[in-house]
Amino acid sequence: MSKYHVTTTVNNDEFEFLCEPTQTMLDVLRDELNLTGSKEGCATGDCGACSVVMDGRLVCSCLVLGVEMEGKSIETIEGMADGDDLHPLQQKFLDHAALQCGICTPGVLVSAKALLEKNPDPTETEVRYWLAGNLCRCTGYDKIIRAVMDAAKEMRAA
Amino acid sequence: MQYEAPETLAAAVELLAGTSGQARILAGGTDLLVQLHADMTDPDLLVDIKKIQELREITNVDGRFTIGAAITGAELGEHPDVKKIWPGVVEGLELIGSTQVQGRATIGGNLCNASPAADVVPALIAADAIVHVAGPAGRRQIAVEEFAIGPGKTSLAKDEIVVSLSFPPRGERASDAYLRFIPRTEMDIAVVGCGISLERDAHGICTQARVALGAVAARALLVPAAAAAIIGTSLDAAALDNLAAAASTACSPIDDKRGTIEFRTDVAGVLARRVAKIAYDRAG
Ligand SMILES: Cc1cc2nc3c(=O)[nH]c(=O)nc-3n(C[C@H](O)[C@H](O)[C@H](O)COP(=O)(O)OP(=O)(O)OC[C@H]3O[C@@H](n4cnc5c(N)ncnc54)[C@H](O)[C@@H]3O)c2cc1C
Ligand code: FES
Ligand code: FES
């Protein structure tokens, strides 16, 4: 199988890589670019652990091909903190203990950030619907929702 | 597998027509990538159609909307005019999957995947949408209710592409709605889906209607008898009873883990009543 040469931007850095046409963006992020923050929970679009933002749209990276990254701008969990300074959402997840095993957390954070950029003042119902594609086997969701609502409040005040 | 992302329809058709192996069209990939992952399909060629401009546009010429096949749920939901005129079509597409899936899932992909439970299809049938198709012999049009011929099967030839869906002009007092029954509130496949589009006159009498059902037969159905039950009425109790009975009569569903034949047949009538009332109120 011949490989495809792809040039893309991830977290504002330009990357070039070779990939098979069957590799997903999630495979590429993890295996070619060593960005292992995005997780594979299902590989079928159901769990959201692989969530990234591509050209401003929240997507499951397991449902995008690596070759489709050509010319796109991707944001992953690795771009969320500013060096050692955590994003308010990340800090609130720690404060509210909104994670246990942590597998879902990168995807939840990326999704929640995309929500707050679109809607800085969501209702609890809006947060729950927006995050319906991010499954968590551990927390029961309440702490996640509280952390997101609290982060939204803090970010609005800032 | 070879991957191509042509920028013109002509180039895409040429690629599809020119391959000796198996080719698949890639839109949002939310069905296709799942099938690839499960080894349910192993194409020699993938033709990504998202770079073709005509498939990515929404146009409105004198009140006639045309929606490109590669428009996603998120994009359609953000379009203020379509939502005003065809709220049922928009809600059908927006029900698909999560926020993440909405960012990718296209209207043409939902139609072409040809699931009997596809959520936008009953709404498209109710709306009397026309499917515009391009192939080596040029363009042709298919009424949306004729498009799917069975589960996973469409009336497209292997080198044909759905370009867009076009909608008839809308009267002043006209609207549509779509509802599905699922056991949860989000992220599930329709046990029954129902789309209704109707028009009413100044006195509140329903003058035109189209009723469509999903997930109750091998493909989504247009149910003229259900429409006839409400045309000429103001959706009084008797008309709604007749509508529900006609909708249930049209069902020939399967039994599966999500719903029995009996349940689906009953729910089709219940949903038809609810959807008709929503469309009627919106139209007023
Ligand atoms: C987590 C999850 C939840 C889902 N929930 C729902 C749901 O609630 N309701 C529902 O109806 N569906 C659901 N789906 C299925 C899927 O998202 C939809 O059917 C979607 O609309 C498919 O669009 P796509 O652009 O991703 O299609 P793709 O996967 O790109 O294509 C689907 C099929 O159509 C063909 N095709 C695509 N575009 C064209 C075209 N223009 N011309 C010719 N052939 C074409 C492809 O070759 C393929 O066979 C879900 C999927 C996932 C992963
Ligand atoms: S790994 Fe992508 S949605 Fe589960
Ligand atoms: S913290 Fe374990 S899955 Fe969410």
Side-chain angles (χ1 to χ4, degrees), chain A residues 1-6 19-27 38 40-72 107-108 110-112 114-115 118-119 122 125-135, chain B residues 1-7 21 23-51 56 70-78 91 94-106 109 113 182 184-189:
Chain A
M1 208 182 301
S2 63
K3 291 206 173 194
Y4 287 73
H5 178 255
V6 178
C19 78
E20 308 279 355
T22 47
Q23 278 179 296
T24 65
M25 169 167 16
L26 180 61
D27 296 333
S38 306
E40 180 175 294
C42 67
T44 52
D46 293 291
C47 77
C50 64
S51 298
V52 302
V53 170
M54 177 167 79
D55 282 357
R57 288 273 179 217
L58 183 67
V59 299
C60 294
S61 60
C62 71
L63 292 185
V64 179
L65 292 175
V67 284
E68 293 185 73
M69 293 165 74
E70 174 67 42
K72 303 276 193 220
V108 176
V110 167
S111 300
L115 169 64
K118 200 177 144 97
N119 178 2
T125 302
E126 285 169 338
V127 175
R128 286 185 184 272
Y129 269 95
W130 182 274
L131 294 178
N134 291 91
L135 303 186
Chain B
M1 188 174 78
Q2 182 192 348
Y3 168 87
E4 299 289 343
E7 290 183 7
R24 292 294 297 270
I25 292 168
L26 172 68
T30 59
D31 282 310
L32 189 53
L33 262 69
V34 175
Q35 293 168 16
L36 284 170
H37 182 74
D39 292 325
M40 284 161 62
T41 181
D42 184 18
D44 305 291
L45 171 67
L46 270 193
V47 179
D48 183 343
I49 55 174
K50 292 190 292 294
K51 292 195 177 147
R56 300 276 311 125
I71 291 290
T72 63
E75 288 164 345
L76 193 67
E78 286 163 8
E91 66 201 354
E94 282 191 315
L95 274 174
I96 295 171
S98 55
T99 317
Q100 288 86 335
V101 171
Q102 281 290 305
R104 297 282 287 173
T106 66
N113 190 55
I182 55 171
R184 322 167 55 196
T185 54
E186 262 280 86
M187 295 286 283
D188 207 342
I189 299 167

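Numbers restart at 1 for each chain; the letters A, B, ... are given by sequence-line order, proteins then strands.
- Inter-residue side-chain proximity for A:Leu58 and B:Gln102 is flagged as unmet; no heavy-atom pair is nearer than 4.5 Å.
- Using a 4.5 Å cut-off between heavy atoms, A:Val53 makes no contact with chain B at all.
- Between chain B and the residues A:Asp46, A:Thr44, A:Leu115, A:Val64, the largest count of heavy-atom pairs under 4.5 Å involves A:Val64.
- Among all heavy-atom pairs drawn from A:Gly133 and B:Ser98, the shortest one is CA-CB, 3.4 Å.
- Proximity to chain A is absent for every atom of B:Gln35, based on heavy atoms less than 4.5 angstrom apart.
- Taking all atoms of both residues into account, the shortest heavy-atom contact from A:Arg57 to B:Gly103 is CD-CA, 4.3 Å.
- In this structure a side-chain-to-backbone donor-acceptor pair under 3.5 Å is present from B:Thr99 to A:Trp130.
- In this structure, A:Asp55 places its CG atom where more than 12 heavy-atom neighbours from other residues, nucleotides or ligands lie under 6.0 Å away.
- At distances below 3.5 Å, not a single donor-acceptor pair connects side-chain atoms of B:Tyr3 with backbone N or O atoms of A:Val67.
- For the pair A:Leu65 and B:Leu26, the minimum side-chain heavy-atom distance is below 4.5 Å.
- The minimum heavy-atom distance between B:Gln100 and A:Ser111, with the atom names listed, is NE2-OG, 3.1 Å.
- Both the backbone and the side chain of B:Gln2 come within less than 4.5 Å of a heavy atom of chain A.
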### Task
Start with the C-alpha gap between B:His37 and A:Thr24, add the side-chain angles, then the distance that decides, and say whether side-chain contact (heavy atoms from CB on, under 4.5 Å) holds.
CA-CA 10 Å; B:His37 182 74; A:Thr24 65; over 6 Å; no
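- Taking B:Gly29, B:Ala74, B:Ala5 one by one and counting their heavy-atom pairs under 4.5 Å with chain A, the maximum is reached by B:Ala74.
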### Task
Check the pair A:Lys118, B:Glu78 against salt bridge (Lys or Arg N to Asp or Glu O under 4.0 Å), reporting the backbone distance first and the verdict last.
CA-CA 12 Å; A:Lys118 200 177 144 97; B:Glu78 286 163 8; 3.5 Å; yes
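- Salt bridge status for A:Glu68 with B:Arg104: present, with a side-chain N to carboxylate O gap under 4.0 Å.
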